Q: 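The structure's right below; bear with me while I get my questions together.
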Amino acid sequence: MGKRDFMAEMSERFSRMSKSQKAIASYISDHYDEAVFMTAAKLGEALHVSESTVVRFALMLGYDGYPEFQKELAGWVKQHITGVQRMGVKYAGSTQSEVLTSVMQSDMDKIRDTIEHLDPSAFETAVDIILKAKKVYISGIRSCEPLADFLCFYLNMMRGEVTCIKTTSMSETFEQMLRISDKDAFIGISFPRYSMRTLKAMEFANDRNAKVICLTDSIHSPMCMYSSCNLFARSDMVSIVDSLVAPLSVINALVVAMCLKRPAEVKNSLHTLEEVWNSYQVYLNDEINFIDEEPMLNYPLRKEGRKKSQNGEAQPDRN
């Protein structure tokens, strides 16, 4: 069907519908926020009609089947109710335990779907691009920023020459990418709602002939316009919170794959880091290892403490 208003389409055909079809159309119009989550069987059960009647209703409206009809309804609902309303509809009447189970099950489903649809050759290409690049630039805005930070953290440990773009303006983004070239790689991470800043940064990287990788939700994402390597991960969730479990899992897989391809380099980098940590006691009061050593909970930051004067004010130790 064309890009016509979903409800207007049903309203226009209402007078020519059978009694059962009118009941279905009326129910969807009045309870679209509930109907969007119903299977054909559940919708039929609510209206005391058969599942096949619901399917024929979808066919009558010009859809190939009920799944296509439901997808169109979901698109209409997404435009007309807020995230908070959608969350309220889905989890209405649920206990906290049921919400926990539902959300985690939804995340598991997204990981399974990502496994089934992620292109292995694209994944391998992404690993090779990142390892061969002279410098790697990473961009993730808003809810995707933690993903970009996570990837940047581990890439810096493994290979160095990694820049995670931190900015709130487009001009600053270009300033941080000023020297990007065909020897470099750019990784853009964006999920609905897509970031224009990330998209423009990818366009700039593409214009400079850098290798561009995108981590996004589908082939229909605008992020694919300027990337030569696309990694897709499911992220949608009917709530105010973006589900980033599957994208994070893909990033974990990238890091592990790179470690396996360059084990000697990674080992040397980590060995150097361990020496730095030990020499400068980086984790002295930050991380506790209860297995190898006693926790140093009250270990002073300085061996020479500060004396207190008679009035209780701290004075430098002059001994």
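Along the sequence shown, residues are numbered consecutively beginning with 1. Values in this document were obtained by computation on a predicted structure and should not be read as measured data.
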Q: Sequence neighbours left out, what passes ring-ring contact (aromatic ring centres under 6.0 Å, His included) with Y226? Give chain and number order.
A: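 If we apply the ring-ring contact (aromatic ring centres under 6.0 Å, His included) test to Y226, skipping adjacent residues, there are no hits.
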Q: Is the side chain of S26 donor-acceptor paired with the backbone N or O of K22 at a distance under 3.5 Å, no angle test?
A: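 Indeed, once roles are kept as given, a pair shorter than 3.5 Å links the two residues.
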Q: Considering only distance and modelled atom types, tabulate donor-acceptor pairs under 3.5 Å from the side chains of residues 147-165, sequence neighbours left out.
A:
| residue | atom | partner | partner atom | Å |
| --- | --- | --- | --- | --- |
| D149 | OD1 | K166 | NZ | 2.5 |
| D149 | OD2 | K166 | NZ | 2.9 |
| N156 | ND2 | C152 | O | 3.4 |
| R159 | NH1 | I130 | O | 2.6 |
| R159 | NH1 | A133 | O | 2.9 |
| R159 | NH2 | A133 | O | 3.1 |
| R159 | NH2 | K134 | O | 2.9 |
| T163 | OG1 | K135 | NZ | 3.4 |

Q: Give the cluster check for L254 versus F191: same hydrophobic cluster or not, with ILVMFWY residues linked at side-chain heavy-atom distances below 4.5 Å.
A: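 Yes, one cluster joins them.
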Q: Check for me, please, whether L73 and I24 land in the same ILVMFWY cluster - side-chain distances under 4.5 Å, paths through other members count.
A: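 As far as the 4.5 Å side-chain criterion goes, I24 and L73 are connected within one cluster.
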Q: Show every donor-acceptor pair shorter than 3.5 Å between a side-chain atom in residues 207-219 and any protein atom, with sequence neighbours excluded, or say none if there are none.
A:
| residue | atom | partner | partner atom | Å |
| --- | --- | --- | --- | --- |
| R208 | NH1 | L178 | O | 3.2 |
| T216 | OG1 | S190 | O | 2.8 |
| T216 | OG1 | S221 | OG | 2.8 |
| D217 | OD1 | Y194 | OH | 2.7 |
| D217 | OD2 | Y194 | OH | 3.2 |
| S218 | OG | H220 | N | 3.2 |

Q: What pair of heavy atoms forms the shortest contact from S139 to T198, and how long is it?
A: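 Nearest heavy atoms, S139 then T198: OG-OG1, 3.3 Å.
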Q: Looking at CD of Q70 and OH of Y63, how far apart are the two atoms once the value is rounded to the nearest 0.5 Å?
A: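 It is 12.0 Å, given to the nearest 0.5 Å.
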Q: Please check: side-chain N/O of S227 versus main-chain N/O of N230, any donor-acceptor pairing under 3.5 Å?
A: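 No: the side chain of S227 does not pair with the backbone of N230.
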Q: Mind listing the closest non-hydrogen atom pair of V55 and A40 along with its distance?
A: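 For V55 versus A40, the nearest heavy atoms are CG2-CB, 4.3 Å.
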Q: According to the ring-ring contact (aromatic ring centres under 6.0 Å, His included) rule, which pairs have a member within residues 100-148, sequence neighbours left out?
A: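 ring-ring contact (aromatic ring centres under 6.0 Å, His included) check on residues 100-148 returns no pairs.
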Q: Does K200 have any salt bridge (charged side-chain N to carboxylate O under 4.0 Å, His left out) partners at least two apart in sequence or in another chain, and if so, which?
A: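 Here the qualifying residues are E203.
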Q: State, with a plain yes or no, whether a side-chain heavy atom of Y66 is found less than 4.5 Å away from one of L43.
A: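 Y66 vs L43: side chains touch.
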Q: How about S20 and S18: does a side-chain donor come under 3.5 Å of a side-chain acceptor?
A: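 S20 vs S18: no donor-acceptor pair found between side chains.
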Q: Could you walk me through whether I129 and C229 pass side chain to side chain contact (heavy atoms under 4.5 Å, CB included), step by step?
A: CA-CA 9 Å; I129 288 173; C229 180; 4.3 Å; yes
Q: Any chance you could measure M225, atom CE, to N206, atom CG, to the nearest 0.5 Å?
A: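 Atom-to-atom, M225:CE and N206:CG are 10.0 Å apart.
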Q: Is any side-chain heavy atom of F57 closer than 4.5 Å to a side-chain heavy atom of F69?
A: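 In short, these two side chains touch, coming nearer than 4.5 Å.
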Q: Within the distance-only criterion (no hydrogens, no angle test), does the side chain of E68 pair as donor or acceptor with the backbone N or O of G62 below 3.5 angstrom?
A: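 Absent.
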Q: Might you point out which heavy atoms bring S143 and L244 nearest each other, and give the distance in Å?
A: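 Looks like O-CD1, 3.1 Å.
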Q: When rounded to the nearest 0.5 angstrom, what is the spacing between NZ in K42 and CD in E45?
A: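 Here the rounded value is 5.0 Å.
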Q: So which atom in C224 and which in F232 form the shortest heavy-atom distance, rounded to 0.1 Å?
A: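 Answer, listing the atom of C224 first, then F232: SG-CE2, 3.6 Å.
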Q: Are D109 and R234 packed together at the side-chain level, in the sense that at least one heavy-atom pair is separated by less than 4.5 angstrom?
A: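 Side chain of D109 against side chain of R234, heavy atoms only: no contact under 4.5 Å found.
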Q: Measuring only between side-chain heavy atoms, which start at C-beta, is I138 closer than 4.5 Å to I189?
A: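 Contact flag for I138/I189 side chains = yes.
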Q: Keeping to residues at least two apart or across chains, list the salt bridge (charged side-chain N to carboxylate O under 4.0 Å, His left out) pairs with something in residues 250-259.
A: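 Output for this query is empty, none listed.
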Q: Tell me the closest heavy-atom pair linking L231 and V250, and the distance in Å.
A: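 Taking L231 first and V250 second, the nearest heavy atoms are CD1-CG1, 4.3 Å.
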Q: Do R179 and D184 sit within salt-bridge range, that is, some charged N less than 4.0 Å from a carboxylate O?
A: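 Answer for the salt bridge query: no.
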Q: Could you measure the distance from the CD1 atom of I111 to the CG atom of L248? Nearest 0.5 Å is fine.
A: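 These two atoms lie 8.5 Å from each other.
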Q: If you look at every heavy atom in A35 and I28, which pair is closest and at what distance?
A: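 In terms of heavy atoms, the two residues are closest at CB-CG1, 4.2 Å.
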Q: Given the rule that I, L, V, M, F, W and Y join up when any side-chain heavy atoms are under 4.5 Å apart, are V255 and V127 in one cluster?
A: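 Looking at the clustering, V127 is in the same group as V255.
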